[in-house]
Amino acid sequence: MSERTGPPHFIADKAYDADPLIEKLEEREITPVIPSKKNRICPRKICFSIYKKRNIIERFFARLKQ
């Protein structure tokens, strides 16, 4: 049995769509949930049901800032 040391998913917007970051996440067995930029030759598939949860987190931090 292996112990996980990180979160199961990394949810971010298109600005974080970079190969070095995605490779590092996959090394650590963290699933990147990052939509592909328009200029990516081979777009990656992501789980949009998980990506939608990003909105909840952003609204939470926006409320904290108020």
### Task
First locate atom CD1 of Ile30, then atom CG of Leu21, and finally report the distance between them rounded to the nearest 0.5 Å.
9.5 Å
### Task
Enter the distance from Arg44:CZ to Lys37:NZ here, rounded to the nearest 0.5 Å.
10.5 Å
### Query
Could you give all pairs that pass the side chain to side chain donor-acceptor pair (under 3.5 Å) test and reach residues 56-66, with sequence neighbours left out?
Arg54-Glu58
### Query
When rounded to the nearest 0.5 angstrom, what distance separates CD1 in Ile11 from CG in Asn55?
11.0 Å
### Message
Can you give me the closest heavy-atom contact between Pro32 and Ile46, atom names plus distance?
### Response
O-CG2, 4.4 Å
### Rounded distance [0.5 Å steps], OG1 in Thr31 versus CD1 in Ile50
7.0 Å
### Query
Is Asp13 close to Pro35 at the side-chain level, that is, under 4.5 Å between some pair of heavy atoms?
no
### Message
Is it the case that atom CZ in Phe10 sees more than 12 heavy atoms from other parts of the structure closer than 6.0 Å?
### Response
yes
### Task
Let me see the working for Asp19 and Arg40 under salt bridge (charged side-chain N to carboxylate O under 4.0 Å, His left out), right down to the final yes or no.
CA-CA 10 Å; Asp19 289 332; Arg40 186 175 276 278; 3.0 Å; yes
### Query
If you measure from NZ on Lys14 to CD1 on Ile34, what distance do you get to the nearest 0.5 Å?
12.5 Å
### Task
Identify whether Leu25 and Tyr16 are in the same connected component of the hydrophobic contact network (ILVMFWY, side-chain heavy atoms under 4.5 Å).
yes
